Structures are given as C-alpha cells and as structure tokens.
2 protein chains.
Amino acid sequence: MDKRGRQPRCRCRLGPGNYQVQARVERFIEPAVLLLLAESPSHGYELAEALESFLEDGRVDFGNLYRLLRSLESEGLVTSVWSEEAPGPLKRTYKITEEGSQLLDAWVESLRAGQERIASLLRRYETI
Amino acid sequence: MDKRGRQPRCRCRLGPGNYQVQARVERFIEPAVLLLLAESPSHGYELAEALESFLEDGRVDFGNLYRLLRSLESEGLVTSVWSEEAPGPLKRTYKITEEGSQLLDAWVESLRAGQERIASLLRRYETI
DNA sequence: CCGTATATATGTATAAGACACATATAATCA
DNA sequence: TGATTATATGTGTCTTATACATATATACGG
C-alpha cells in the first residue's frame, strides 16, 4: 500500500521517480469542434472520429459530444439541418455560424497566449 | 436579458461577435511552483508574488496556495523547514525533492506535448 | 499597549469541468 | 429479426477552480 492519498486526475505515479503527466487545456474540445466545422460542415458521428486525431486522449464519448453540439447550437455558435440525401439513418449536419466563427477566433488568440505562457515556463526550466 | 444560459468558466460573450476566452492548462500552478522551488528554495508568501508574473490570471489566493504546498509536502514532492534567521514571523521554507524534480520533468515533457497539440490546431486554423 | 503588516494555516462552499455509463429513439441493411 | 449507424438525454461521481471566513503568531511603529 502506498501512503500517498489518491492522485490528481492529470498525473499518476508509476513508481519511484516515475511520473506520468497529462497536461490538458480546459474545454479544448470546443475550439476543436468549431475548427472542424469551420473547415466543413459535419455531423456528430463523423466529428467524433475526426476529434480523435485531434485530442489524442482517447475516444470521445458520443453522449457527451452530442450534448456539446446541442449546447453550441443553443448558444447560436453552430446551426444544424437534418440531411436526408445521405444513406443510413438521418444525420444532423452542423455548420458554424458567424458568432461561432468569432468565438473560434477568440479561442485561437487565447491559445496563442497560452502557448506563450507555457513556452515561458519551458524556457525558464531550461536555465536550471 | 440574454436568452443564452450561464456561460462556461473560461469564456464570456461581451457583445455580438465579441468573445473573450481564457485558455487554461489544468493544474498549471503545480509545475509553476515546482519550477520556482527548483530554481531556489522559497516560502509561501514569497511564492505567491513570484507566481503572479507566471500565471498572469490575477492573484493567487494565499489560503489555497498554502494548502497546495502542504499537499505537495505530504506527497514527498517538496520538503520544508522553519527558518528562524530571517526577520519577521517564522517562514516555512520549501525546497524541491528528488521526487518533485522528477515530477517537474514529467510536467515539462507533457507541456511540450500539449504545446504541440495546440500548435497543430493553430496550424490547421491558419489554412482556413 | 494597540493596530497593522507579515506569514502560515484550515474550514467551508459553490460552480464548472471531465468522464463514464445507462437508456431511448429511429433508420437502414443483411 | 438483429446488427450497425446515428442522435439524444438522464444520471452520477470526482476533480478542479475559486472565493471567503477564520485562526494563529511574530514583529514593528506609534
């Protein structure tokens, strides 16, 4: 038994001096979805696949992704239509709105700033 | 009144098409504290000041910072001694341990990976 | 002696976020 | 009829962020 209590979500201790850390950006899935929809309209099931290459931390839960999409639409950041032309069951195809596009711009600006904060820490780490 | 519900923590809508986003790395204060202590031993009150230039999102709450430091010590990532030599009230001076140093290394590695994920999104954004 | 600043804690509370799992629906196809 | 695709909502738990209150003790200035 390890005397240490339970560990934080984003890191775990594999053994003495052996740590694994997963640095996450809060709500990173949001700009990811907005960017994918800015590239081209898409639907939930398709987005889930595209997000995997993006987020790298495993699969996205379908339920939570659909919930996010409904929420983005309720905020006016995306709009959707039921597309009938495609084969298979009905797909709700989302596209980004002007508002969503401007939120994406704000995300990008903020991610650049965040990158600079991280870079600043890393540079300082190098000098030790 | 705005029909939209309450907003996420990390962004707010100032007006039509006017968003402000704050991209945060989860638990970023942890590598920041470890790095500062890797540079030189320090105590809570002093760290609070140094962290402001680092984190950029306003002041750090003293209570929560002290709690974090006690927690890091309980995990064996830092150690502390009461230093009597200095003027003023007793200061608990922390220094990083070997374990803490290795956790910092893991954080750095993970932050680099995170930077690359962000960069990847930003590059893709540029192509739109 | 008293108030203020420095310094270190702990207690409590709430909101937001991450994540997992269950359930429900409908269409399509083999 | 059952499997696959596709969309949703409900629920629950844990973590993180943050704020505010409270308590202690030292030291210094007036």
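In this text, all values refer to a predicted model and were calculated from it rather than measured experimentally. Proteins come first, then strands; the chains are lettered A, B, ... in the order of their sequence lines, and each starts at number 1.
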Interatomic distance where [atom1] belongs to [X] and [atom2] belongs to [N] [whole Å]:
X       : N      : atom1 : atom2 : value
B:Leu47 : C:dT6  : CG    : P     : 16 Å
B:Gln7  : C:dA16 : CD    : C1'   : 13 Å
B:Arg59 : D:dA17 : CZ    : C1'   : 17 Å
A:Arg27 : D:dA17 : CZ    : C1'   : 14 Å
B:Glu26 : C:dA16 : CD    : C1'   : 12 Å
B:Leu65 : C:dT8  : CG    : P     : 9 Å

Tell me every residue that passes side-chain hydrogen bond (donor to acceptor under 3.5 Å, both in side chains) with [X], counting only those two or more places apart in sequence or in another chain.
X       : result
A:Glu46 : A:Ser42
B:Thr93 : B:Ser83
A:Asn64 : A:Asp61, A:Arg67

(request) State whether B:Arg13 and A:Glu75 are salt-bridged, where the test is any N-O pair (Lys NZ or Arg NE/NH1/NH2 against Asp/Glu carboxylate O) under 4.0 Å. (result)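 No.
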What does the list of N/O pairs under 3.5 Å between the protein and nucleotides 6-9 of chain D look like, with a distance for each?
{"from": "D:dA6", "atom 1": "OP1", "to": "A:Lys91", "atom 2": "NZ", "distance (Å)": "3.2"}
{"from": "D:dT7", "atom 1": "OP1", "to": "A:Arg92", "atom 2": "N", "distance (Å)": "3.0"}
{"from": "D:dT7", "atom 1": "OP2", "to": "A:Gly44", "atom 2": "N", "distance (Å)": "3.4"}
{"from": "D:dT7", "atom 1": "OP2", "to": "A:Tyr45", "atom 2": "N", "distance (Å)": "2.6"}
{"from": "D:dT7", "atom 1": "OP2", "to": "A:Tyr66", "atom 2": "OH", "distance (Å)": "2.7"}
{"from": "D:dA8", "atom 1": "OP1", "to": "A:Arg92", "atom 2": "NE", "distance (Å)": "2.7"}
{"from": "D:dA8", "atom 1": "OP1", "to": "A:Arg92", "atom 2": "NH2", "distance (Å)": "2.8"}
{"from": "D:dA8", "atom 1": "OP2", "to": "A:Arg92", "atom 2": "NE", "distance (Å)": "2.9"}
{"from": "D:dA8", "atom 1": "OP2", "to": "A:Tyr94", "atom 2": "OH", "distance (Å)": "3.2"}

(message) Taking A:Gly76's backbone N and O only, do any of them form a donor-acceptor pair with A:Thr97's side chain (distance below 3.5 Å, no angle check)?
(response)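 The answer is yes, because a donor-acceptor pair under 3.5 Å joins these two groups.
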(message) Would the distance check show the side chain of A:Gln115 and the main-chain N or O of B:Ile118 forming a donor-acceptor pair, the cut-off being under 3.5 Å?
(response)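 A pair under 3.5 Å: no.
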(request) Name all residues meeting the side-chain contact (heavy atoms from CB on, under 4.5 Å) criterion together with A:Arg112; count only those two or more places apart in sequence or in a different chain, and write none if there are none. (result) A:Val108, B:Leu122, B:Tyr125, B:Glu126
(request) Work out which heavy atom in A:Tyr19 is nearest to a heavy atom in B:Leu77; give both atom names and the distance. (result)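 Result for this residue pair: OH-CD2, 3.4 Å.
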(message) With a 4.0 Å cutoff (strictly under), does any side-chain N or O of B:Arg9 reach OP1 or OP2 of D:dA17?
(response)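 Looking at the OP1 and OP2 atoms of D:dA17, neither is under 4.0 Å from any side-chain N or O of B:Arg9.
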(request) Strictly below 4.0 Å, heavy-atom distances to any atom of DNA chain C: list the hits from residues 28-42 of chain B, or just say none. (result) none
